[in-house]
There are 2 protein chains.
Amino acid sequence: MFSHSEENYLKVIHKLAFSNSKNVSTNLIANELQTKASSVTDMLKKLADKKLVNYEKYRGVSLTKKGELIAVNVVRKHRLWEVFLVDTLKFNWDEVHDVAEQLEHIKSDQLIDRLDTFLNYPTIDPHGDPIPKKNGEIPFNNSILLSEGITNKIYKVSCVKDNSKSFLQFLDKHEITINSELTIVDKFDFDDSMTVKLIGGHSIILSNKVSTNVFVNLK
Amino acid sequence: MFSHSEENYLKVIHKLAFSNSKNVSTNLIANELQTKASSVTDMLKKLADKKLVNYEKYRGVSLTKKGELIAVNVVRKHRLWEVFLVDTLKFNWDEVHDVAEQLEHIKSDQLIDRLDTFLNYPTIDPHGDPIPKKNGEIPFNNSILLSEGITNKIYKVSCVKDNSKSFLQFLDKHEITINSELTIVDKFDFDDSMTVKLIGGHSIILSNKVSTNVFVNLK
DNA sequence: CTAAAAATTTAGACTAGTCTAAATTTGAGA
DNA sequence: TCTCAAATTTAGACTAGTCTAAATTTTTAG
C-alpha cells in the first residue's frame, strides 16, 4: 500500500496534469502541497522507483497508468466522502474539504463500495465535480465557464472550480449553488464583469474572478 | 494535536489499565501493540514529557487526567464508527474492527458530533461495549460473565469480550448475538462447560473459553 | 550567443517512530 | 539475602518525510 504522503503527491500531480499540461513541474507541485521544491524532488524519485510516475530530472513528471489509477481512486474516495458529509451528516459545502482530506486515505475497498451503495451511487460531489467510477473512469462534463456564456440564455450552475471556504461562502451569501439557474443580463468589457439574474430571484454583478470559477450548462 | 501512534499508545494503556491493574507494564503494552519493549519505553518518555502519562522508570505507567481524556475520546470515536459501519453501511460485526482502527484517528469534533446525532446517540457499539459520552464519562454496565450465571434463569447477552473475527463468527454460526436471550440448562464442573438453550431456539454446549467471553444480564 | 535569473537537484541535517543488541534494574526462589 | 532470570532501559542505527543552503541545469532577455 501507499502512504498518505505518496497518495497526496499522486493526487496533486493528477490535478495539475488535468488543469495544466500533461507534464507537471516540481515547483507547481511544491506550491500546491505547501512544501519545498527539494522535498518534491525527493518524493518524485521515490514515486519513480515505484513506477508510479515518469520522471526525468529537470523535466517534470507525469503519472504512469498505475499512478493514475491510484490518484483517481483517492479522488473518488474524497468526493464520495464529501457527498456523505453534506447529504448524510448535513455539513455545509464549505466545511467538508479538510475532513475529506483525511477520510480519503482510509484503506478499505469494502468501506468505499458500501458507502457508494449507501449514497446511491452519486455521480457528482457537493461542488459539482464528477465522482470517478470504480474502474477509474471519470464521467465527462461538457460545462463551460460562466465567463464564456452569452447574454439572454438560461444556464444552470453545474460545478464550482474554486473550493475555498471564502468563495463558497460568497456564493452562499448570494444564493448561488449547484443547479441554480440564471441568465447573463449584461457583460462589461471594461473589467470582464457581468450582471446575472437568478431565475425567479435577484440580480447581481459578478466579477471576472467569480465568473471564471463557476461552470454552467445551457438549459 | 496528537499522532496516530500516540493515540494508539494512550488507547492501549487505557484498555490495559481497565482490565488489569491501574499501573501498566512496558511488556504488556508492547504485546498489545505488537511492537518491541524498547519502542514502548521511547514512547512512554515522550508521553510523559507531554504530561499524558505518569511514568517512572521500571515502574510502569498510568494515564494522567489529560491522557485519560484523549484515550477515552479515541475509544468513543472507534465505537461510534463501528455503529455506523454496522447500522448504516451494513457491515457484519466481525468486519468492522480494522476499519474503525483507522477511522478513530480522523480529527474533527464536528464530524463526531454529527455522526453521533445521525446515529441517534447510541449507547453501545455492535459488540455491546458502552460508548463513552462526549465528556469522557463511560456508562456503567452491571453485566456478569455468562460463566458466572446460574441455571434456570433467563439471561440476555449484553456484550462480547473477545472481538476477534473467529470468535464473532463462531457466535454468528450458533445464532448468538447481542440481545439474544438464553438460559443455562446445565453446568459441568469437569471442564467448566455448560449447556445453554436459546429462548425459542436450539440448545448448545459452550466451552469455558466461550462463556468467559460473553457478558449477560439477568432478564 | 551569452549572462543572469529562475527552476531544480544535491548534500547534509533533523524529527518521529521503530528496531537490535547490550546494559541495567527488578524481584522471585533457594 | 543472594543469585539469576525476566523485565526494562539505553545506545546506536535505520526509514520516511521534511528542511536549508549550496550546486547545477534550464530558460530568458538582451
Side-chain angles (χ1 to χ4, degrees), chain A residues 1-13 16-17 19-63 67 70-71 74 101-102 104-107, chain B residues 1-13 16-17 19-63 67 70-71 74 101-102 104-107:
Chain A
M1 276 308 115
F2 304 99
S3 71
H4 289 199
S5 191
E6 287 171 329
E7 288 188 348
N8 282 334
Y9 273 91
L10 294 173
K11 187 182 61 171
V12 159
I13 295 166
L16 294 171
S19 50
N20 299 48
S21 60
K22 195 84 208 186
N23 238 45
V24 179
S25 77
T26 302
N27 263 358
L28 260 181
I29 298 169
N31 182 59
E32 187 75 21
L33 282 173
Q34 297 285 64
T35 184
K36 302 297 169 189
S38 56
S39 307
V40 175
T41 302
D42 288 346
M43 182 57 93
L44 294 184
K45 284 181 191 163
K46 195 201 295 189
L47 295 175
D49 285 349
K50 296 191 178 184
K51 311 281 186 211
L52 299 174
V53 299
N54 306 115
Y55 171 55
E56 249 190 300
K57 269 210 231 181
Y58 297 103
R59 296 273 117 128
V61 272
S62 61
L63 294 174
I70 294 163
V74 174
E101 289 280 291
Q102 296 180 64
E104 73 190 8
H105 300 295
I106 301 289
K107 280 161 184 63
Chain B
M1 275 311 113
F2 304 97
S3 69
H4 288 200
S5 191
E6 288 170 329
E7 289 187 346
N8 281 334
Y9 273 91
L10 293 173
K11 187 182 61 169
V12 159
I13 295 167
L16 294 173
S19 50
N20 297 50
S21 60
K22 195 84 206 188
N23 239 47
V24 178
S25 76
T26 303
N27 261 359
L28 259 180
I29 298 170
N31 181 59
E32 188 75 21
L33 281 172
Q34 296 286 64
T35 183
K36 301 297 171 187
S38 57
S39 307
V40 175
T41 301
D42 287 345
M43 183 56 93
L44 293 185
K45 284 181 193 164
K46 196 201 295 188
L47 295 175
D49 285 348
K50 297 192 177 182
K51 310 281 185 210
L52 300 173
V53 299
N54 306 114
Y55 171 55
E56 250 189 301
K57 269 209 230 181
Y58 297 106
R59 298 271 115 125
V61 272
S62 61
L63 293 174
I70 295 162
V74 173
E101 289 280 292
Q102 296 181 66
E104 71 189 8
H105 299 295
I106 302 290
K107 279 160 185 61

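Computed over heavy atoms, backbone and side chain alike; hydrogens, waters and symmetry mates excluded. Lettering of chains follows the sequences in order, A, B, ..., and the numbering in each one begins at 1.
Atom CD in B:E56 sits about 14 Å away from atom P in D:dT8, given to the nearest Å. Atom pair A:L44:CG and C:dA7:P shows a separation of 16 Å (rounding to whole Å applied). If you measure from atom NZ of B:K45 to atom P of C:dT15, you get 16 Å, rounded to the nearest angstrom. For the pair A:N23 CG and C:dA7 P, the interatomic distance rounds to 16 Å; values are reported in whole Å. Look at CD on B:E6: it is 10 Å from P on C:dT18, rounded to the nearest Å. If you measure from atom CG of A:D42 to atom C1' of C:dT15, you get 15 Å, rounded to the nearest angstrom. Spacing between atom CG of A:L33 and atom P of D:dT18 amounts to 8 Å, rounded to whole angstrom units. Per the geometry, CE belonging to A:M43 stands 10 Å off P belonging to D:dA16, to the nearest Å.
Of the possible donor and acceptor atoms, one in the side chain of B:T41 sits under 3.5 Å from a partner among the backbone N and O of B:A37. Checked by atom type and distance alone, the side chain of B:E32 never pairs as donor or acceptor with a backbone atom of B:L16 at under 3.5 Å. Judged purely by atom type and a 3.5 angstrom limit, A:N23 uses its side chain to pair as donor or acceptor with the backbone of A:R59. For B:K51 (side chain) and B:D49 (main-chain N/O), no donor-acceptor pair under 3.5 Å exists by modelled atom type.
Residue B:S38 has no polar side-chain atom (N or O) positioned under 4.0 Å from OP1 or OP2 of D:dT9. Close to D:dT18, at under 4.0 Å from its OP1 or OP2, lies a side-chain N or O of A:S5. Between C:dT8 and A:N27, a contact under 4.0 Å exists linking OP1 or OP2 to a side-chain N or O. A close approach under 4.0 Å does not occur between any side-chain nitrogen or oxygen of B:K36 and OP1 or OP2 of D:dT9. Taking only side-chain nitrogens and oxygens, A:Y55 comes nearer than 4.0 Å to OP1 or OP2 of C:dT9. Side-chain N/O atoms of A:S39 include one lying less than 4.0 angstrom from OP1 or OP2 on D:dC19. Remark: A:T35 is in phosphate contact with D:dC19, judged by side-chain N or O atoms under 4.0 Å from OP1 or OP2.
The base of D:dT8 lies outside donor-acceptor range of the side chain of B:S25, with no N or O pair under 3.5 Å.
Here B:T41 lies in heavy-atom contact (under 4.0 Å) with a base.
The salt bridge (charged side-chain N to carboxylate O under 4.0 Å, His left out) search around A:E101 returns A:K11, not counting sequence neighbours.
A 4.5 Å side-chain heavy-atom check between A:L52 and A:F2 finds at least one atom pair inside the cut-off. When side chains are defined from C-beta on, A:L44 counts as touching A:I13, because their heavy atoms get closer than 4.5 Å.
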What N/O pairs connect the protein and nucleotides 24-28 of chain D at under 3.5 Å? Give each pair on its own line.
from: D:dT25; atom 1: O4'; to: A:Y58; atom 2: OH; distance (Å): 3.4

